[in-house]
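Since the structure comes first, as structure tokens, the remarks are kept for the end.
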Amino acid sequence: RTIIKIEHLERVYATGAVKTYALKDISIEIEEGEFVAIMGKSGSGKSTLLHQLGLLDKPTKGNITIDGNDVINISEKERTRFRLHELGYVFQSYNLIPELTAIENVYVTPMARNLKKEEYEKMAEEVLTAVGLKDRMYHYPSELSGGQQQRVSIARALVNKPKILFADEPTANLDSASSEDVINLFRKFNKEIGQTIVMVTHEKDEGEKADRIIWVKDGLLDTDK
Ligand code: ADP
Ligand code: ADP
């Protein structure tokens, strides 16, 4: 079953009179339960592509369908609802709130859904346990290593059970051991709960752990790879 379908995507950035064709004409289908890596040189359009798929930006032309929903020709309010309820994000910077403990950072979004405290605490505890941080739940971000902070941000992205997890260079700031932990966690969630994952990476060995690599070059799919 196709979960993401993009057709003839184009994204042009206009900076004054200068136009950059970051995405020229990209069509892709991603299956539910797939773990996909997007790779290519710096400036090839990887982040721009991920931002379109994750509804963080709008294409200049083209269509995007997620789980059968047209997510382009809908209101901003609907797009925001979709982002919050259906999608999860992990970035290279962990973006944790420094004044909140690990568990508080994770339950921020379920808390906003009018659940009882016991319920959202339990959800956060379960997912923090799944990322190997059961004994660090009450620590603040400043008391955690980079790898542990990234695992908190993965827990936060997954606590709402998103249809798709988007990760933009999630290991860029990590040492090789923590990087491996992050990719292994993605692999685990992909295998065990069928989590669909779309990840941008520079690292060939990380891309090779995905089910498929989508190569991008100069705003187009690189079909020579
Ligand atoms: P990476 O190569 O690690 O993906 P980039 O430097 O390409 O990182 O981009 C990081 C973010 O900065 C992009 O997602 C984009 O929003 C913004 N960005 C990149 N290039 C430009 C640019 N020329 N002008 C303005 N913003 C840019
Ligand atoms: P990658 O992630 O592969 O490094 P990006 O998607 O960040 O590539 O960038 C693709 C192209 O678009 C680059 O030429 C970059 O400079 C440009 N770009 C990215 N974001 C912006 C932006 N916000 N404004 C202007 N140009 C941008």
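Every number for a ligand or one of its atoms is a count from 1 in the order of the listing.
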Q: Decide salt bridge (Lys or Arg N to Asp or Glu O under 4.0 Å) for Asp25 and Lys61; before the verdict, give the C-alpha distance in whole Å, the side-chain angles of both, and the deciding distance to 0.1 Å.
A: CA-CA 9 Å; Asp25 182 359; Lys61 283 187 194 160; over 6 Å; no

Q | Qualifying ring-ring contact (aromatic ring centres under 6.0 Å, His included) pairs with a residue from residues 98-136, counting only residues at least two apart or across chains | A | Tyr107-Tyr120

Q) Is the shortest N/O to N/O distance between Ala22 and ligand 2 below 3.5 Å? A) no

Q) Going by heavy atoms, is Arg11 under 4.0 Å from ligand 2? A) no

Q. Would one find an N or O of Thr20, backbone or side chain, under 3.5 Å from an N or O of ligand 2?
A. no

Q: Mark up the atoms of ligand 2 that fall under 4.0 Å of a heavy atom belonging to Ser42, in ascending order.
A: 4 (O)

(Q) Is the contact between Thr48 and ligand 2 made by the side chain, the backbone, both, or neither, using heavy atoms and a 4.0 Å cut-off? (A) both

Q. For ligand 2, which atoms have a heavy atom of Lys41 less than 4.0 angstrom away?
A. 3 (O)

Q | Inter- and intrachain pairs under side-chain hydrogen bond (donor to acceptor under 3.5 Å, both in side chains), touching residues 125-142, at least two apart | A | Lys122-Glu126

Q: Using a strict 4.0 Å cut-off to heavy atoms of Lys46, name the atoms of ligand 2 that fall inside it.
A: 1 (P), 2 (O), 3 (O), 4 (O), 6 (O), 8 (O)

Q: Report yes if the side chains of Thr60 and Arg11 come closer than 4.5 Å at any heavy-atom pair, otherwise no.
A: yes

Q. Ion pair present between Arg187 and Asp211, side-chain N to carboxylate O less than 4.0 angstrom?
A. yes

**Q.** Salt bridge Lys209-Glu206, side-chain N to carboxylate O under 4.0 Å
**A.** no

Q: Please confirm whether Gly40 comes under 4.0 Å of ligand 2, counting heavy atoms of the residue only.
A: no

